[in-house]
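Okay, so here's the structure we're looking at.
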Amino acid sequence: MPTTILTKLYNAQGNDVIDKILAEELGLSEAVLHGHIEALRQEGYDITGEINRGFSLNNWQTLIIPDEVRSKLPEYSLFQEIIYYPILDSTSVLAKELASGGAPRGTVIIAGKQRAGKGRMGRKWESPPGGLWFSIILRPDLPLHKLPFLSLAFAVSIAEGIEEHTGETCQVKWPNDVILRDKKVAGILLEVNSSSEDKQEVILGIGVNLNQEDFGELNYKATSIKRALNQETLSNDILPILLSNLEKNYNLFLNEGFEPIRRKFKAKCNHLGKGVNINRQDKLIAGINIDIDSQGSLVIAAEGQEIRLTTGEVNIF
Ligand code: BT5
């Protein structure tokens, strides 16, 4: 019943739903309906309104109705389990716990808002309502050293998905940023949960900025689809597109190796052939980015040398 109430509120698109009418429609007493609404609020759904007036769901644009997402994916999609929470600390933290408890591969965990969203290397990921925050449990049959390729494959997938949804070209920035109109619109966090040499458990975390209007001190480098293109995006609409692209490129990589992903990444890369600098611990490396090599490393020509980097933060100058 709570799911039906949510769907009704979602379909009203932020407008008031009169409780008396809703209770009648669902064959509930108003007291029972109010109990369900209170329980949904306790779970973290942002529902405003008062008894005898009407209730409305805020941030309905980023609510996920798992059955609706599933129905837009092929029957044998990798993504059979889709779980939505209005609020979590971090979808990747929960995904890790669920994976350790035996949750199937392809399980997708989504949050409407994260209290403690994580970026790479202990950085913070701002995850207010308005974005799409999700993690996926994967168990690729790959040796540990091949996992970094997945970051590049998934960055390309998100870029292609946003392009398919918006009709606007996206770029990628090595190794894990998706760029829209020169600013970061999405980021990828790939974490290895357990490791035996040839069977890995990977938690793929993806953050996509959809409808946020303001990034405060990050405004100079962060954007959302809304900010860049003035298009409002419904999570329910874009998530199946992103998942389809993730599965397509994941299979491409598993079946054909890194080369086709490398070609796509290079074609979309916003710093290839440009002057870049990279901060490596306490050292700044500056030069021309001449390639992304067959190992997924960033190749920099600097001071007559070719330097290959496997991690770091690229700045374009
Ligand atoms: C990333 O880290 O780009 C990976 C982000 C992954 C977030 C997802 S959300 C679902 C899942 N659950 C999690 O807890 N995490 C994953 P990195 O390359 O380290 O970028 C982090 C840096 O980007 C920060 O230090 C800020 O400068 C900037 N940043 C923070 N929040 C941002 C946002 N919403 N949009 C754009 N840039 C942001």
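FYI, side chains are in, hydrogens and waters are out, and symmetry mates aren't considered; it's all heavy atoms of this structure. Just follow the structure's listing: the first ligand is 1, and inside any ligand the first atom is 1. Here the structure is a predicted model, which is why all the values come from computation and not from measurement.
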Inset, instruction - Quick one: sort the Trp125 and Trp133 rings into parallel, tilted or perpendicular, breaks at 30° and 60°. - result: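 Trp125 and Trp133: perpendicular rings.
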Inset, instruction - Classify the ring geometry between Phe258 and Phe149 as parallel (under 30°), tilted (30 to 60°) or perpendicular (over 60°). - result: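 Ring orientation of Phe258 relative to Phe149: parallel.
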Inset, instruction - Report the part of Val93 in contact with ligand 1, treating N, CA, C, O as backbone and CB onward as side chain, heavy atoms under 4.0 Å; options are side chain, backbone, both, neither. - result: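 For Val93, no heavy atom sits under 4.0 Å from ligand 1.
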Inset, instruction - Determine whether more than 12 heavy atoms belonging to other residues, nucleotides or ligands lie under 6.0 Å from atom NZ of Lys113. - result: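 Open.
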Legend entry - Under 3.5 Å side-chain donor-acceptor pair for Asn209 and Glu126: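 Short answer, no.
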Inset, instruction - Measure the spacing between CG of Leu234 and CD1 of Ile65 and express it to the nearest 0.5 Å. - result: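 If we round to the nearest 0.5 Å, Leu234:CG and Ile65:CD1 are 11.0 Å apart.
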Have a look at [options] and point out the one with the heavy atom closest to [atom].
atom	options	result
atom 4 (C) of ligand 1	Thr91, Leu204, Ile188	Ile188
atom 12 (N) of ligand 1	Lys221, Gln114, Lys118	Gln114
atom 24 (C) of ligand 1	Lys183, Lys184, Glu191, Lys124	Lys124
atom 36 (C) of ligand 1	Ser135, Ala222, Pro128	Ala222

Inset, instruction - Write down the atom of Ser135, the atom of Thr91, and the distance for their closest heavy-atom approach. - result: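 Scanning both residues, the minimum pair turns out to be OG-OG1, 2.7 Å.
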Inset, instruction - Flag Trp133 as yes when one of its N or O atoms lies below 3.5 Å from any N or O atom of ligand 1, and as no otherwise. - result: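 In this structure, Trp133 places no N or O atom under 3.5 Å from an N or O of ligand 1.
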Inset, instruction - Please write down residue, atom name and distance for the protein heavy atom closest to atom 2 (O) of ligand 1. - result: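 That would be Arg120 N, 3.1 Å.
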